[in-house]
Amino acid sequence: MPSIKIIVVDDHKLFRDGLTALIDKHEDLDVIASLEDGVKLFEALIDNNPDIVLLDLSMPNMNGFDVLKKLKKEFKTIKAIAISMHDDGNYIARCAKLGAQGYLLKNTDEQELTTAIREVYEGNKYFSQEISTKMIDSLSETNSIKKFTKKETEIIKLLAKGFTTKEIATKLYVSTRTVETHRSNMLKKLKVKNTVELINKAKSLDLI
Amino acid sequence: MNIRTWILVIINTLIFTVVITISFSFYSLFESTLDDKVLSQLSSIERLKRIQVEDYIQREWENFKKVPVSSASDSIFLSKLPTPIKNNGVYDFTEFSHDGKLLIGLVFVQDDSTYIKLLNDTFIQNVLLERTGMGSSGETYLVGSDFRLRSASRFFPEEAPYSIISETESVKNAFENKIEKGIYKDYRNIEVYSAYHLIEFPNFKFVILSEIDAKEVAIPLKSMQKKLIIIAISILIIALFLGNYLAQFISTPLNKMKKEILEMTDGNYKPVRYKKSSFKEIDEVLKALTELKVSLSSAISFSKDVGNMNLDSNYKPKSNNDILGHSLIKMQEKLIEYQNKINFANTQRKRNLIEGQETERKRLSQELHDGIGPLLTSLRFYVESLNIDAKQKNDAKEIIDQTIAEIRRMVYDLMPPTLIDFGVAATLQTFVNLIKKSTHIDIEFDNGIKENNSKIDDTISISVFRICQELINNTIKHSKATKIRISITEFDELLSVFYFDNGLGYNLEKVETGSGLINIKERVEILNGAIHFTPEKKHATVEFEIPLTYA
């Protein structure tokens with residue numbers, strides 16, 4: 001059984017060495033390179049063809065996110081696992097979005113580390129329970145109607161129902177000025193002159 | 001000399017002159033008219049009596065001529081004459097009269113016999129004493145060419161007329177046939193109005209004089225004079241009062257103005273309402289004075305405002321010549337400039353302070369995260385690889401994990417890394433989620449930040465996050481709210497943040513110093529934003545806007 005070829009990328013040598021030592025203890029895992037940033041990684045990829053890249057996110061030259069983007073584009077076969085100090089869902093979610101197959105915290109156990117490497121190598125994704133929860137927490141709803149933003153849609157719906165600016169502001173927990181600005185932005189977007197025209201045109205465009 | 005006196009003197013001098021002139025001319029006109037009247041009356045009386053006397057003598061002579069008869073006594077008189085009379089005619093024999101009264105003799109010589117008739121004074125005297133129109137001092141008398149009276153003097157009725165000598169100018173004039181009626185001295189040496197005329201007979205001449213005392217004539221003149229003086233004095237007194245009255249129309253407002261101007265010199269510029277004067281010019285002057293005061297007052301109140309650093313105060317210079325106003329405005333401009341500089345320096349200082357603080361926090365946060373963090377994880381790997389007792393190994397790893405967790409907390413408190421990497425929305429969302437989990441508060445964050453081309457930079461992100469964090473912490477700590485709503489909306493040129501909670505509300509003035517509100521305000525201020533609090537119970541809101549043109 002061939003061993004899994006791994007490249008470790010982290011700007012802290014001490015960490016890299018620790019991690020490499022830990023991985024190398026396992027027969028089926030082989031750290032073929034230990035590099036300090038994304039630029040070095042892509043230099044190395046010219047001659048090497050790793051299975052897995054263990055990738056730190058915060059690095060001085062070409063950080064983890066940029067590496068993920070480039071890998072996704074140019075090295076589709078190489079699977080990346082982010083390993084970071086950041087336990088904030090936003091980092092996890094972005095990594096997942098950019099194509100990372102797994103996400104590990106740096107204070108991970110040896111057990112989890114090897115499991116993640118093997119799972120990912122098998123073609124699965126690895127996000128621990130804790131990580132998954134954090135990731136889901138941070139995902140914001142982003143489906144908005146083409147032309148209007150979510151807030152604008154809310155406002156125009158209320159306008160169509162006959163609410164006043166003040167009432168809408170109270171209802172949506174925004175300032176009246178914000179409602180006004182949204183309203184005038186919508187007028188500009190649909191090239192109409194007043195609220196009545198705005199509502200009519202929005203209806204005809206199926207925006208509400 | 002004050003105006004009042006001057007006006008009085010001028011008015012009274014004028015009136016005095018006019019009154020005196022009119023009185024004089026009136027008086028002289030009256031006097032000369034009176035003179036004429038008296039003299040012409042005297043002269044007509046004189047003429048009437050002259051004619052009567054001449055007629056009487058003529059008539060007697062004609063009668064005597066027809067029947068010349070001498071009485072015995074008359075014949076004796078004739079014989080006693082010093083010189084015999086040779087010719088016919090009328091003679092004046094008064095010098096031979098035994099009682100000195102007028103004695104006229106008619107002598108008719110016929111055939112060597114001489115007839116004589118003496119006419120005593122009775123008839124003539126009666127005619128002369130008839131005093132109609134002669135007042136109380138008038139008389140008519142005859143004077144002979146010897147300047148002796150022929151008829152009785154009214155004033156000396158007991159004395160023989162012949163003994164009274166009247167060699168007066170009027171008599172002399174009459175004898176010289178110079179007829180000029182006028183005022184002369186009579187035989188008593190008293191001034192009289194005199195009309196006189198010569199009565200000529202072939203053998204003698206008389207002068208008939210009709211006279212009245214000047215004193216008597218002067219009585220109406222005197223009373224007239226008195227009246228005129230009374231009228232003149234009355235007019236003068238009236239003029240004095242009138243002048244005084246009129247002068248006050250000018251002097252009162254003038255004095256008022258003087259007072260006002262003196263008050264102004266003392267620094268009292270309060271405008272006073274004036275009574276409307278009857279004169280246009282005075283009204284205009286008073287109006288101008290009031291305007292001056294108003295304009296000075298407004299300049300003063302403006303300078304007061306400027307002095308109190310109330311620099312929004314407005315002042316419009318009255319004209320290009322309003323040097324005071326222009327200098328005050330210049331002063332205000334300089335002060336505004338100075339204040340702006342100070343404000344700018346203050347804001348800059350605060351900005352430097354806060355930005356410095358944030359930079360330092362960020363640096364510390366990154367040091368901890370990127371420096372200590374990897375060391376700890378390396379340590380963990382090291383422990384992991386140690387060949388030691390499994391329990392000891394786990395304990396050591398546990399301690400390291402706790403340390404890492406602590407570091408993460410510190411890093412987050414100092415500066416959430418997501419703030420730099422993902423911006424304020426993601427960071428705040430995470431924070432809100434954390435609050436939602438750890439409390440029972442219904443908290444929602446509505447993110448209206450542009451996903452693409454957002455203009456929100458790190459400085460704004462940090463400030464907005466810190467402000468929201470502070471507001472949430474305040475709500476949780478003090479307000480007992482059950483609901484929090486945060487809305488951040490990014491527009492092309494501004495970022496609008498609206499914060500709501502349904503807590504107890506708070507008193508801005510009381511709460512200000514202790515809480516983080518000052519900090520919040522300063523953060524908005526250094527980003528040139530504006531913040532507005534409505535800390536009502538059940539509906540406390542904070543809204544602020546930050547311009548995104550801010551570089």
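Reminder, nothing fancy here: chain letters follow the sequence lines and each chain counts from 1. Values reported hereafter were calculated over all heavy atoms of this structure, with side chains retained and with hydrogens, waters and symmetry mates removed. A quick note: this is a predicted structure, and the numbers were derived from the prediction, not measured.
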Please walk me through it: do Y173(A) and K483(B) pass side chain to side chain contact (heavy atoms under 4.5 Å, CB included)? CA-CA 11 Å; Y173(A) 302 103; K483(B) 195 174 184 181; 2.6 Å; yes
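Remark: side-chain polar atoms of H182(A) are not paired, donor with acceptor, to backbone N or O of F491(B) under 3.5 angstrom. Proximity of a side-chain donor or acceptor of R408(B) to a complementary backbone N or O of M85(A) within less than 3.5 Å is detected.
Taking all atoms of both residues into account, the shortest heavy-atom contact from S175(A) to E543(B) is CB-OE1, 2.6 Å. S58(A) and H369(B) get closest at one heavy-atom pair: OG-CE1, 4.5 Å. Nearest heavy atoms, H86(A) versus P417(B): CE1-CB, 3.3 Å. The minimum heavy-atom distance between T377(B) and N107(A), with the atom names listed, is CG2-N, 3.8 Å. Between T427(B) and N90(A) the shortest heavy-atom distance is N-ND2, 4.4 Å.
Options L113(A), N185(A), D109(A) differ in how many heavy-atom pairs under 4.5 Å they form with chain B, and the most are formed by D109(A). In terms of heavy-atom pairs under 4.5 angstrom with chain B, the leader among T181(A), T108(A), T170(A), D17(A) is T181(A). Comparing G448(B), G371(B), P416(B), A426(B) by how many heavy-atom pairs each has under 4.5 Å with chain A, the most go to A426(B). Of the listed residues (L172(A), D11(A), L14(A)), the one with the most heavy-atom contacts under 4.5 Å to chain B is L14(A). If you tally non-hydrogen atom pairs under 4.5 Å between each of D87(A), D56(A), L57(A) and chain B, the highest count goes to D87(A).
Only the side chain of H539(B) comes within contact range of chain A, with at least one heavy atom under 4.5 Å from a heavy atom of that chain. Using a 4.5 Å cut-off between heavy atoms, K436(B) makes no contact with chain A at all. If you measure heavy-atom distances from N433(B) to chain A, the contacts under 4.5 Å come from the side chain alone. If you measure heavy-atom distances from E545(B) to chain A, the contacts under 4.5 Å come from the side chain alone.
In this structure the side chain of T489(B) never reaches within 4.5 angstrom of the side chain of E152(A), judged on heavy atoms.
Between F422(B) and Y91(A), the two ring planes are perpendicular [angle over 60°; tilted spans 30° to 60°].
Aromatic pair F381(B)/F15(A): centroids less than 6.0 angstrom apart.
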